[in-house]
Amino acid sequence: MRKAQRVDLHSHSTASDGVLTPSELVKRAAQNRVALFALTDHDTVAGLAEAREAAGQFGVPFVAGVEISVSFAGETIHVVGLGIDETAPALTTGLEQVRRGRTARARKMAAALEACGFADVWEGALRFVRNPDLISRAHFARYLVHAGHFSSMNAVFAHYLAKGKPGYVDYQWATLQEAVSWIHAAGGVAVVAHPGRYRLSEREWNALLAEFVDLGGDAIEVITSAHDPNATNHWVHICRRYGLAASQGSDFHAPEESPWDLGALGHTLPDDLVPVWQRWQ
Ligand code: AMP
Ligand code: MN
Ligand code: MN
Ligand code: MN
């Protein structure tokens with residue numbers, strides 16, 4: 001039990017698709033006695049200054065992070081950067097590039113969902129958006145749940161927003177090479193987020209991990225709310241096989257939505273794995 005003590009290195013604020021402001025999130029982390037906390041908003045560092053300030057006030061050990069969207073083998077992969085200098089130009093210009101098409105993509109999503117018969121999708125989703133630079137599928141799902149069309153966000157994704165469903169709009173994110181290099185240029189460590197969520201063949205996984213190791217990628221997120229115990233075990237083995245460090249995080253978005261609260265991760269890394277957070281403790 002020595003390594004896993006309430007370390008939470010994956011979370012979202014209103015700067016992307018979370019519902020708590022960075023300060024509210026840090027306050028919740030303090031209440032939950034989180035021992036080390038990272039804010040990792042999608043494709044933006046806009047929430048980090050406020051989070052860092054709040055972390056100082058509440059006495060929460062803080063790591064600056066980001067979760068970068070990547071296209072690989074036709075699938076969207078998320079790469080978390082931890083311990084970044086969010087002012088590094090290579091990172092900020094890279095993230096700007098990734099964000100650039102999000103609004104146009106969101107407009108297409110709104111049109112596609114309206115074509116499916118849902119009303120006021122654009123205006124409705126926008127009511128849930130706090131950072132106009134960062135519109136995510138989660139905002140659309142939230143709107144459709146609040147409008148009474150679905151009982152859960154999961155149901156919206158399953159029927160309309162997952163790849164291949166009628167509200168899905170394809171988009172070219174960063175390459176794996178770009179994401180890892182931006183994170184490294186900002187002095188951070190690169191982590192493959194929630195690997196159990198991607199629909200990749202074994203061949204594609206081998207290619208992804210080989211490329212990630214080749215690029216100097218650092219870690220795999222082993223413990224996440226997206227993994228059941230079997231998946232966690234699988235990724236523990238992969239860390240060992242590839243000599244990668246291990247990370248963990250709740251991927252918290254909202255009190256009413258997220259399966260795990262901040263810091264309440266429910267699993268512990270085996271002692272032989274190197275925790276990616278060792279360097280910040
Ligand atoms: P985007 O970056 O716009 O493609 O949106 C991806 C976001 O949608 C993820 O970060 C999650 O917050 C959310 N998401 C994806 N799948 C699901 C799901 N099955 N249930 C709830 N939220 C989901
Ligand atoms: Mn999200
Ligand atoms: Mn993610
Ligand atoms: Mn996330």
Side-chain angles (χ1 to χ4, degrees), residues 7-22 25 28-29 34 37-48 51 63-72 75-82 84 95 98-99 102 105-106 109 125 128-131 133-145 152-154 156-158 161-163 167-168 171 173-174 176 179-180 183 188 190-200 208 212 217 219-227 231 235 247-263 265 276:
V7 169
D8 195 335
L9 301 178
H10 191 150
S11 70
H12 297 274
S13 76
T14 47
S16 66
D17 56 6
V19 306
L20 302 183
T21 64
L25 199 65
R28 193 178 186 93
V34 173
F37 171 74
L39 175 62
T40 56
D41 276 308
H42 299 286
D43 304 324
T44 182
V45 295
L48 292 177
V63 174
V66 65
E67 182 174 20
I68 303 181
S69 309
V70 164
S71 296
F72 188 94
E75 180 75 347
T76 299
I77 302 300
H78 288 168
V79 178
V80 161
L82 295 172
I84 52 166
L95 293 178
V98 176
R99 281 196 304 270
R102 267 196 180 267
R105 166 185 181 255
M109 268 194 269
F128 292 87
V129 173
R130 292 292 167 273
N131 175 2
D133 255 9
L134 210 297
I135 311 180
S136 137
R137 282 183 289 168
H139 298 114
F140 289 91
R142 227 165 252 151
Y143 164 64
L144 291 173
V145 169
S152 72
M153 289 175 59
N154 233 329
V156 187
F157 276 87
L161 291 178
K163 191 178 173 188
Y168 180 83
Y171 186 71
W173 303 107
L176 184 64
V180 173
I183 290 165
V191 185
V192 178
H194 44 63
R197 277 195 16 197
Y198 312 135
R199 286 184 300 180
L200 296 175
L208 192 158
F212 186 67
I220 292 179
E221 197 173 70
V222 169
I223 297 175
T224 153
S225 54
H227 290 170
W235 296 102
S247 189
Q248 64 179 41
S250 60
D251 203 1
F252 182 86
H253 283 71
E256 304 78 27
E257 292 170 13
S258 295
W260 289 358
D261 204 338
L262 291 177
L265 271 48
V276 73

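Everything quoted here is computed from the prediction, not taken from an experiment. We count ligands from 1, going down the list as the structure has it; atoms in each ligand are counted the same way.
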With no hydrogens and no angle check, just 3.5 Å: does a side-chain donor-acceptor pair link [X] and [Y]?
X	Y	result
T224	D251	no
H12	E67	yes
S69	D43	yes

Need one value: angle at the Mn ion (ligand 4), H10 atom NE2 versus H12 atom NE2, rounded to 10 degrees.
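Once rounded, the angle between the two atoms at the Mn ion (ligand 4) is 110°.
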How wide is the angle at the Mn ion (ligand 4) between OE1 in E67 and OD1 in D251, to the nearest 10°?
170°
Any carboxylate oxygen within less than 4.0 angstrom of a Lys/Arg side-chain nitrogen, looking at D17 and R142?
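Salt bridge flag = no for R142 with D17.
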Atom of H253 closest to the Mn ion (ligand 2), considering N, O or S atoms
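When I compare the N, O and S atoms of H253, NE2 is nearest to the Mn ion (ligand 2).
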Check D17 and report its N/O/S atom nearest to the Mn ion (ligand 2), by atom name.
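Looking at D17, the N, O or S atom with the least distance to the Mn ion (ligand 2) is OD2.
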Short check: any N/O/S atom of H42 below 2.8 Å from the Mn ion (ligand 2)?
yes
Please note down the angle at the Mn ion (ligand 3) between NE2 of H194 and ND1 of H78, to the nearest 10°.
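Roughly 110°, rounded to 10°.
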Ignoring hydrogens, what is the shortest heavy-atom contact between F72 and I77? Give both atom names and the distance.
CB-CG1, 3.7 Å
